[in-house]
Amino acid sequence: MKKENSRIKELVKSLNPHQEAYVNLNLKNPRNGEYLLAVFRLVPGGKLNILQAAAEVAAESSTGTNFKVNTETSFSREMNALVYQMDLERNLVWIAYPWRLFDRKGNVQNILTFIVGNILGIKEVSALKLLDVWFPSAMLEQYDGPSYTLDDMRKYLNVYGRPILGTIIKPKMGLTASEYAEVCYDFWAGGGDFVKNDEPQADQDFCPYDKMVQYVKKAMDKAVRETRKKKVHSFNVSAADFDEMIRRCELIRNAGFEKGSYAFLIDGITAGWTAVQTLRRRYPDVFIHFHRAGHGGYTRPENPIGFSVLVLSKFARLAGVSGIHTGTAGVGKMKGSPEEDIVAAHGIQYFKSKGHFFEQEWTKIPEEDKDLIKLVHEDLAHHIILEDDSWRGIKKCCPIISGGLNPTKLKPFIEVMGNVDFITTMGAGVHAHPKGTRVGATALVQACEAYQKGISIEEYAKTHKELKESIDFFTKNKPAIIEVEKIAESVERN
Ligand code: CAP
Ligand code: MG
Ligand code: MG
């Protein structure tokens with residue numbers, strides 16, 4: 001430690017006046033409510049040392065540029081982001097952003113333009129990855145957070161104590177509207193709860209949007225009638241412009257779906273955060289489903305430049321989405337790990353959650369608001385839960401677990417996740433079943449029943465042929481299962 005301190009002293013001496021204005025390694029109480037805190041892994045790219053590079057990052061991501069300018073004022077200097085901590089061993093730098101920098105009334109797009117904007121392109125870094133962020137309660141008051149949550153969907157579906165079982169219609173693209181709706185019906189009739197459009201579904205000429213909506217409604221009505229169970233469809237409303245996005249939302253809302261039976265899916269990375277927050281603010285009574293297609297460019301573990309799955313997920317909760325894909329922790333087909341994906345999932349599920357570097361309390365009540373905190377405790381003590389107590393904090397956001405999953409991976413994933421409070425969507429895992437979608441859905445339901453009864457799927461499959469056929473089909477290449485068990489074990493060990 002002593003060595004590190006003397007090294008840091010040298011680094012501080014190496015700063016020029018411009019850089020000095022963006023470093024304060026003696027910052028008193030960075031958690032005083034004035035700052036959004038961020039931790040980056042930073043490897044300098046050019047001639048600068050890590051502290052000089054960190055100062056340039058803090059400058060470029062707050063008030064500065066690459067030279068000290070004469071137009072600075074004493075107030076503008078108060079808005080400087082500050083490097084306030086370092087870990088030279090791990091190439092980590094902590095930066096405090098005065099959150100008054102950001103657009104008022106809660107704008108996630110603006111924050112990300114600051115803290116993962118230009119700096120991802122500056123020459124002075126060869127690695128710059130935003131690993132975790134911390135929001136002070138006073139700042140959270142400006143943000144919507146989720147409105148319609150998984151709890152509301154559970155109430156609508158009357159599904160408790162297990163994951164919501166979903167699918168994505170496959171092939172990803174190319175079905176006509178009626179063919180698409182047929183597959184929806186088959187999944188729902190087979191016992192599934194939730195169907196989503198795939199991430200590129202839009203208004204393709206072979207599957208006109210309005211026809212798709214109409215036929216899905218017919219399919220849903222039929223399935224609800226026959227199964228006497230409620231169903232949900234998540235419609236992709238991503239579009240070229242907001243007018244068209246809203247038009248698609250209104251088309252769905254005017255197609256006769258009852259409240260709770262539809263969700264709006266948005267490709268949040270490619271459509272953008274303004275689209276995400278527009279949906280959240282326009283439709284507080286609808287489940288807003290954030291699909292993260294494209295996130296890999298920022299989040300893949302081998303990418304030195306970008307941000308973590310945890311950071312993406314925390315901003316999605318801040319923006320107010322009801323659910324976001326958080327990955328299968330390596331159990332499915334996408335790159336991921338428990339350390340990344342499960343931390344992200346827990347980070348958006350709970351009121352208080354441990355991230356990679358920060359413990360986040362999603363309360364909107366600033367620490368110093370002692371009377372209000374006392375009042376809240378009294379309320380809770382007498383179990384007076386106000387109908388809408390979102391003023392207290394940012395509501396939960398639901399992990400959506402998808403990507404290469406099939407019924408044989410449900411239990412192993414739940415063991416890695418540690419809870420069942422999520423939606424899972426399986427595409428090939430249902431539609432590749434040798435007997436088709438309806439049976440594929442039943443196999444998924446049976447795998448979940450087995451889990452709930454504490455019976456292995458192999459045992460349960462002895463009396464449930466749909467599941468048996470699914471297991472035979474999806475485990476014909478054994479290694480997949482062993483790999484999953486290895487992941488589950490590794491989580492146990494940690
Ligand atoms: C899954 C999926 C989802 C991915 C997204 C796909 O299909 O529909 O978009 O899960 O990944 O298109 O691949 P399968 P993530 O179930 O057939 O794999 O959830 O990691 O964002
Ligand atoms: Mg997809
Ligand atoms: Mg307040």
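Numbering of ligands and ligand atoms starts at 1, following listing order.
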Practice prompt. Taking the Mg ion (ligand 2) as the centre, count the protein N/O/S atoms lying under 2.8 Å from it.
Written response: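 Near the Mg ion (ligand 2), the number of protein N, O or S atoms below 2.8 Å is 2.
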Practice prompt. Indicate, with yes or no, if the rings of Phe264 and Phe235 have centres closer together than 6.0 Å.
Written response: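 They do not qualify: ring centres at least 6.0 Å apart.
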Worksheet item: Taking the six-membered ring for Trp, is the centroid-to-centroid distance between Phe187 and Tyr185 below 6.0 Å?
Response: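 When the ring centroids of Phe187 and Tyr185 are compared, they turn out to be at least 6.0 Å apart.
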Output yes when a side-chain donor or acceptor of [X] lies under 3.5 Å from a complementary backbone atom of [Y], and no otherwise.
X: Thr326; Y: Ala345; value: no
X: Arg41; Y: Lys129; value: no
X: Lys231; Y: Ser261; value: no

Worksheet item: Does Glu89 CD have over 12 foreign heavy atoms under 6.0 Å away?
Response: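 Check fails, neighbour count at 12 or below.
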Discussion item. With a 6.0 Å cut-off (strictly less than), is the heavy-atom count around CZ of Arg282, excluding the residue itself, greater than 12?
Written reply: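 It does not: Arg282 CZ has 12 such atoms or fewer within range.
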Discussion item. Going by side-chain contact (heavy atoms from CB on, under 4.5 Å), name the residues that satisfy it together with Thr149, two or more places apart in sequence or in a different chain.
Written reply: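 side-chain contact (heavy atoms from CB on, under 4.5 Å) list for Thr149, sorted by chain: Pro146, Asp151, Asp152, Lys395, Lys396.
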Discussion item. Applying side-chain contact (heavy atoms from CB on, under 4.5 Å), can you list everything that pairs with Thr270, at least two apart in sequence or on another chain?
Written reply: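 Partners of Thr270 under the side-chain contact (heavy atoms from CB on, under 4.5 Å) test: Asp267.
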Worksheet item: Can you pull the residues with any heavy atom under 4.0 Å from ligand 1?
Response: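 These residues qualify: Ile168, Lys170, Lys172, Asp198, Glu199, His291, Arg292, His325, Lys333, Met334, Ser402, Gly403, Gly404, Met426, Gly427, Ala428.
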